[in-house]
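Remarks on the structure that follows.
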Amino acid sequence: MLLRLAASALATTVIAGAALPALAQTATPVAASQAARFEQDRQSILAMAGDYRVRFEFDETTAFLEGYEPREPTRSGGHEIVRVIADTGTFISLQHTLVAEHGGEVMIIKHWRQDWAYEPQTVLTYTGPDTWALTQVADADRAGAWSQTVWQTDDSPRYGGVGRWDYANGVASWEARTWRPLARRDATRSPPYDRYDGLNRHVLTPAGWVHEQDNFKLRQGDDGLETVVHEFGVNTYTRFNEYNVAAGDAYWTATADYWAVVRRRWDEAIIAGAGTLHVDEEAEWGSEVSEALMTLADRIQSGEIATDIAIDEATRIIAEETGQGG
């Protein structure tokens, strides 16, 4: 009975796309007066697809915990392709894939995914260590708004928020405040904080787009959450295709069917949990099952394993991780 009720409650919610009937989006009718703005929003989201040189920059600025010294700035970068893997009109999914070269060898790393849903009834949010939940969106917050749900490299959840695209002064931007689990750059250091309370902002530029992050890094104190330090981050996506773009697309062609089922398995786990999900995390990979799921995809691409066999193994791994294993 619980599972049937959960599936019914989620019937109008997008989580990882229209892969499952129970999770298919029920589109909010777009009135004629709203149609132009709705299409403008859609084109802003779709504009983030493409081939890019990426620069990641993070600076801890101000400490709020006595004795804490802000860490040295972190800088990294690379090449990344962003592809539209679903577009139903009111739902758009963008998959990021890193393309790197080392010693003359091209390495492909499936990166994060961002799903956008128009006027969503719920959004999957991070609620604390290792835990996510579907959160109801108030009618006033839904009107004309888009949710962005971000998923980790293995398609397990990361964070979600709701906001509206804004076009003031000729600049297209979207922002929302969300809780997020620690990124690898911090988690591997065993810092005194365990989550971010961050404002995420996406802004289109003439050369591509930027993802700005205004983060307060928090820890659980005796009397509630405490701010340890503030951080500002900016990820800059500059259009550039003078790298092995084809290798990234070839990876996705080889593994797309596998990842489509992996997304469905995470959806099923959320339904089975009546809208909540617990996934144990570790510093290096994110979720504890990420390395195993990513390795299966690599083996598909190299021809070491058939897609159907990899899918069976991934199904078992996710079921066990989410407490559904028999």
Side-chain angles (χ1 to χ4, degrees), residues 10 12-17 23 25 28 38 41-42 44-48 58 82 86 90-96 111-153 155-168 171-183 186 193-204 209-218 225 227 230-235 237 263 266-267 270 275-277 279 281 286:
L10 299 178
T12 58
T13 301
V14 164
I15 295 178
L23 299 181
Q25 174 78 4
T28 299
F38 169 73
D41 291 352
R42 276 181 37 79
S44 296
I45 296 167
L46 293 169
M48 289 187 282
F58 293 92
V82 183
T90 55
F91 173 79
I92 300 170
S93 182
L94 303 177
Q95 177 63 57
H96 293 234
H111 208 195
W112 59 297
R113 187 178 95 248
Q114 48 175 321
D115 287 349
W116 295 81
Y118 183 64
E119 296 189 340
Q121 293 184 7
T122 61
V123 61
L124 189 65
T125 60
Y126 183 65
T127 58
D130 304 335
T131 306
W132 290 260
L134 282 172
T135 302
Q136 292 291 324
V137 181
D139 289 345
D141 295 331
R142 292 179 58 218
W146 291 77
S147 66
Q148 184 208 41
T149 306
V150 170
W151 306 83
Q152 307 204 73
T153 58
D155 288 320
S156 60
R158 182 155 176 75
Y159 62 88
V162 178
R164 293 180 179 86
W165 282 90
D166 183 84
Y167 301 95
V171 175
S173 66
W174 175 96
E175 65 180 44
R177 179 168 293 281
T178 67
W179 271 14
R180 288 177 289 131
L182 296 186
D186 284 329
Y193 43 80
D194 66 5
R195 73 199 73 182
Y196 309 131
D197 179 2
L199 182 70
N200 294 296
R201 180 183 297 111
H202 289 250
V203 184
L204 302 187
W209 56 284
V210 295
H211 176 200
E212 298 176 347
Q213 301 177 47
D214 189 348
N215 299 325
F216 289 93
K217 299 183 175 182
L218 311 180
L225 291 173
T227 300
H230 172 266
E231 173 189 72
F232 183 75
V234 58
N235 301 336
Y237 291 76
R263 294 194 299 273
W266 287 117
D267 286 352
I270 296 167
T276 63
L277 185 69
V279 182
E281 297 207 303

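Predicted model, so just to flag it, every value in this text is computed and none were measured.
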message: Before you tell me yes or no, could you show the steps for Leu124 and Trp151 under side chain to side chain contact (heavy atoms under 4.5 Å, CB included), namely the whole-Å CA-CA distance, both residues' side-chain angles and the distance that decides it to 0.1 Å?
response: CA-CA 10 Å; Leu124 189 65; Trp151 306 83; 3.7 Å; yes

message: Would you say His202 and Trp174 are linked by a side-chain donor-acceptor pair, where the criterion is simply a distance under 3.5 Å?
response: no

task: Quick one: do Asp214 and Arg201 satisfy side chain to side chain contact (heavy atoms under 4.5 Å, CB included)? Show the steps, please.
output: CA-CA 8 Å; Asp214 189 348; Arg201 180 183 297 111; 5.7 Å; no

- prompt: Okay, side chain of Asp166, backbone of Ala168: is any donor-acceptor separation there less than 3.5 Å?
  reply: yes

task: Work out which heavy atom in Trp179 is nearest to a heavy atom in Leu225; give both atom names and the distance.
output: CZ2-CD1, 3.2 Å

field: Partner residues of Glu281 under the salt bridge (Lys or Arg N to Asp or Glu O under 4.0 Å) criterion, sequence neighbours left out
entry: none

- request: Spell out, as yes or no, whether a donor-acceptor pair under 3.5 Å connects the side chain of Arg158 to the backbone of Arg113.
  value: no

- request: Report yes or no: does Glu119 contribute a side-chain atom to a donor-acceptor pair with the main-chain N or O of Gly144 at less than 3.5 Å?
  value: yes

- prompt: Looking at CG of Asp186 and CG of Asp194, how far apart are the two atoms once the value is rounded to the nearest 0.5 Å?
  reply: 11.5 Å

task: Under the side chain to side chain contact (heavy atoms under 4.5 Å, CB included) rule, what do Arg142 and Val162 come out as? Steps first, then yes or no, please.
output: CA-CA 8 Å; Arg142 292 179 58 218; Val162 178; over 6 Å; no

message: Can you tell me how far apart CD (Gln95) and CG (Asp155) are? Round to the nearest 0.5 Å.
response: 6.5 Å

Nearest-0.5 Å distance that lies between atom CG in Asp197 and atom OG1 in Thr178: 7.5 Å

query: Hey, is the main chain of Thr90 close enough, under 3.5 Å, to the side chain of Arg42 for a donor-acceptor pair?
result: no

Flag side-chain contact, heavy atom, 4.5 Å: Thr127 against Thr125: yes

- prompt: Which atom pair, heavy atoms only, marks the closest approach of Pro120 to Val137?
  reply: O-CB, 3.5 Å

- prompt: Do Gln148 and Trp146 meet the criterion of a side-chain donor-acceptor pair at a distance under 3.5 Å?
  reply: no

4.5 Å side-chain heavy-atom contact, Pro181 and Trp132: yes

query: Checking side chain to side chain contact (heavy atoms under 4.5 Å, CB included) for the pair Trp165/Ile45: CA distance, chi angles, key distance, verdict?
result: CA-CA 9 Å; Trp165 282 90; Ile45 296 167; 3.7 Å; yes

field: Ser147 OG to Trp116 CH2 distance, which is reported to the nearest 0.5 Å
entry: 8.5 Å

- request: Search all heavy atoms of Ala47 against all heavy atoms of Leu204 and return the closest pair with its distance.
  value: CB-CD1, 4.0 Å

Over all atoms of both residues, closest heavy-atom pair of Leu218 and Tyr193: O-CB, 3.0 Å

Tyr196 side chain to Ala183 backbone, donor-acceptor under 3.5 Å: yes

query: Distance only, no hydrogens: is a donor on one side chain within 3.5 Å (strictly under) of an acceptor on the other, for Asp41 and Tyr118?
result: no

- prompt: Partners of Ser156 by side chain to side chain contact (heavy atoms under 4.5 Å, CB included), sequence neighbours excluded?
  reply: Gln152, Asp154, Trp266, Ser287

message: If you compare all heavy atoms of Asp115 against all heavy atoms of Ser93, which two are closest, and at what distance to 0.1 Å?
response: OD1-OG, 2.6 Å

statement: Separation between OG1 (Thr149) and OH (Tyr159), nearest 0.5 Å, reads 10.0 Å

query: What is the minimum heavy-atom distance between Phe58 and Gly233, and which atoms define it?
result: CD2-CA, 3.5 Å

statement: dist Gln114:CD -> Ile92:CD1 (nearest 0.5 Å) comes out at 10.0 Å

